[in-house]
Amino acid sequence: MSDDIRTKMGLRPVINVSGTMTSLGASIVVPEAIEAMAAILPQFVEINDLQRKASAVIARLTGGEAGFVTASCSAGISLAVAGTITGPDLLAIEKLPETLTPKNEVLVQMGHVVSYGAPVDQSIRLAGGKVVMIGQATSTHRYHMENAITDRTAAAVYVVSHHVVDYGLLNLKEFVEIAHAKGVPVIVDAASEYDLRLFLEQGADIALYSGHKFLGGPTSGIVAGKKELVRNAFLQNMGIGRGMKVGKESIFGVMAALEAWEKRDHVGIRERETGYLNLWKETLSDRPGITALIEPDPTNNPLDRMRVIVAPQEAHITAWDLAARLRSGPTPIIVRDHEVEHHYFYLDPCNLHPGQERIVAARLAEELDKARASNEVIATPFEDLSRHRFDGALRWPD
């Protein structure tokens with residue numbers, strides 16, 4: 001631990017059982033990407049030519065006609081939307097987010113307007129798009145979308161995420177069918193998705209991926225799909241995309257991460273992660289007030305997570321207090337606590353270094369033992385958690 005760069009900087013050495021979260025650094029960058037970035041950093045290249053090389057790799061892995069690398073998947077939404085609004089018109093690109101034509105409306109199902117750290121609809125508005133929400137939070141029907149498409153519709157955005165409402169909405173195939181019947185291109189935000197080909201195969205015109213989540217590349221986004229739409233999105237680098245640019249190291253690092261993805265032992269990785277889950281399940285078995293369930297990923301990524309359900313009266317602690325105790329101390333363990341008010345959180349095994357799974361198990365046992373030894377239930381009012389959720393961000397910098 002003494003050689004850990006984080007401790008030298010005075011940062012806590014986080015153990016990440018939350019998943020591929022940007023706020024924690026997203027993922028462990030694969031050695032191939034690290035080597036590629038180090039190799040190109042001292043050199044000069046023509047960035048557009050490097051992006052053309054990246055396009056060939058992206059096309060091969062996604063099945064798209066072309067692709068490029070940008071700053072993030074969020075940037076990809078803005079650039080792809082902007083491309084559908086401006087086309088290749090360089091003056092229109094310079095004018096954004098002011099639009100020169102009325103064709104700037106972008107359809108999104110209301111149940112897809114979620115936050116990934118920022119609101120999905122903001123990425124659209126940054127591009128000059130006027131967001132048109134269709135349906136309600138828990139229901140979108142064909143007639144909602146069919147009647148929302150007008151001569152002003154530039155694109156339709158579909159979000160694939162564990163954050164979205166997962167029932168009552170149009171699925172991607174139906175969403176594409178309705179959009180294409182009226183000549184509207186479909187952009188899919190698939191930032192945290194494992195399958196690089198599925199969404200284009202299902203009819204999306206552009207699919208957007210994170211380069212730094214499951215792929216294990218540098219912080220980046222990947223835009224892939226139909227050549228004309230990808231080109232129009234790429235041209236936004238002469239406009240709003242300038243602030244979303246990536247360096248040579250990110251482009252080349254993503255290329256290396258994509259090529260490493262083809263050779264990765266996906267089955268072996270799943271087997272190792274299953275071992276971690278089984279260890280945690282054994283650690284939590286027979287503990288009063290604790291139920292541990294191994295569950296599949298909600299968007300059909302080929303991985304499982306553990307849901308830890310906490311009954312406060314028996315466990316002597318709430319789920320949110322247990323999560324808080326795990327993330328306290330010199331070696332914080334950060335769990336996936338997006339739904340903790342429902343008395344559970346998740347443990348995600350996909351971003352652990354070997355041996356950390358045992359540290360997680362030991363800390364779970366330690367904190368639960370402390371709670372059981374308490375004479376009273378440890379139960380901070382959930383309203384206090386909500387009230388202070390953004391204190392750290394608002395205090396920055398100290």
Side-chain angles (χ1 to χ4, degrees), residues 22-23 68 70-137 140 144-145 147-161 163-165 169-170 172 175 178-179 182 184-192 204-210 219-223 225 229-230 232-246 390 393:
T22 298
S23 61
F68 68 93
T70 185
S72 63
C73 201
S74 177
I77 297 173
S78 296
L79 299 181
V81 166
T84 66
I85 292 171
T86 67
D89 186 330
L90 298 184
L91 180 60
I93 289 168
E94 285 188 359
K95 292 290 186 181
L96 288 181
E98 177 187 346
T99 56
L100 299 183
T101 69
K103 194 166 186 174
N104 66 346
E105 293 185 353
V106 180
L107 308 187
V108 190
Q109 296 185 84
M110 190 175 292
H112 282 189
V113 181
V114 296
S115 175
Y116 48 74
V120 165
D121 60 311
Q122 186 175 49
S123 295
I124 297 169
R125 289 184 281 112
L126 284 170
K130 180 181 178 182
V131 179
V132 177
M133 297 188 193
I134 54 176
Q136 291 84 42
T140 306
H144 288 130
M145 186 170 179
N147 285 281
I149 297 174
T150 70
D151 291 340
R152 298 182 299 277
T153 306
V157 171
Y158 191 96
V159 180
V160 183
S161 168
H163 290 299
V164 304
V165 174
L169 305 187
L170 296 172
L172 178 57
F175 191 86
I178 296 166
K182 297 193 176 184
V184 174
V186 172
I187 300 163
V188 173
D189 171 9
S192 297
D205 300 285
I206 284 185
L208 309 170
Y209 294 96
S210 168
T219 299
S220 56
I222 296 169
V223 179
L229 292 174
V230 169
N232 293 343
F234 182 73
L235 287 173
Q236 307 304 317
N237 285 306
M238 300 169 67
I240 62 168
R242 182 65 177 176
M244 306 170 186
K245 65 184 179 184
V246 288
F390 300 105

Are any side-chain N or O atoms of S115 and backbone N or O atoms of G117, one a donor and one an acceptor, separated by less than 3.5 Å? yes

Let me confirm one number: the CG-CE distance from L170 to M145, rounded to the nearest 0.5 Å. 7.0 Å

Rounding to 0.5 Å, atoms CG (D151) and OG1 (T101) come to a distance of 11.5 Å

Give every residue pair that meets the salt bridge (Lys or Arg N to Asp or Glu O under 4.0 Å) criterion with at least one member in residues 73-90, sequence neighbours excluded. none

Just by distance, do the side chain of S78 and the backbone of S123 share a donor-acceptor pair under 3.5 Å? yes

How about NZ on K182, more than 12 heavy atoms from neighbouring residues, nucleotides or ligands closer than 6.0 Å, or not? yes

If I take atom CG from residue L208 and atom CG from residue D189, how far apart are they, to the nearest 0.5 angstrom? 6.0 Å

Under 3.5 Å, side chain of N232 to main-chain N/O of F234, donor-acceptor pair present? no

To the nearest 0.5 angstrom, please state how far the CG atom of L107 sits from the CZ atom of F175. 6.5 Å

When rounded to the nearest 0.5 angstrom, what is the spacing between CG in N237 and CE in M244? 9.0 Å

Carefully, step by step, assess V132 and V106 under the rule side-chain contact (heavy atoms from CB on, under 4.5 Å). CA-CA 6 Å; V132 177; V106 180; over 6 Å; no

Say whether, by atom type as modelled, one donor and one acceptor occur between the side chain of N104 and the main chain of K130 under 3.5 angstrom. no

Any residue meeting side chain to side chain donor-acceptor pair (under 3.5 Å) with S220, in chain and number order, not counting sequence neighbours: none

List the steps, then state whether side-chain hydrogen bond (donor to acceptor under 3.5 Å, both in side chains) holds for S161 with Y116. CA-CA 9 Å; S161 168; Y116 48 74; over 6 Å; no

Verdict with supporting geometry, T86 and Q236, side-chain hydrogen bond (donor to acceptor under 3.5 Å, both in side chains): CA-CA 9 Å; T86 67; Q236 307 304 317; 2.9 Å; yes

Going by heavy atoms in the side chains, are V131 and R125 under 4.5 Å from each other? yes

Is there a side-chain contact between I187 and T84, using heavy atoms and a 4.5 Å cut-off? yes

Has H112 got a side-chain atom pairing as donor or acceptor with V159's backbone, closer than 3.5 angstrom? yes

Side chain Y158, main chain A204, donor-acceptor under 3.5 Å: no

Among pairs that include at least one residue of residues 90-112, which meet salt bridge (Lys or Arg N to Asp or Glu O under 4.0 Å), considering only residues two or more places apart or in two chains? E105-R152

Are F68 and L79 packed together at the side-chain level, in the sense that at least one heavy-atom pair is separated by less than 4.5 angstrom? yes

dist Q136:CD -> L169:CG (nearest 0.5 Å) comes out at 10.0 Å

Hey, are the side chains of I149 and I178 touching, using non-hydrogen atoms and a 4.5 Å cut-off? yes

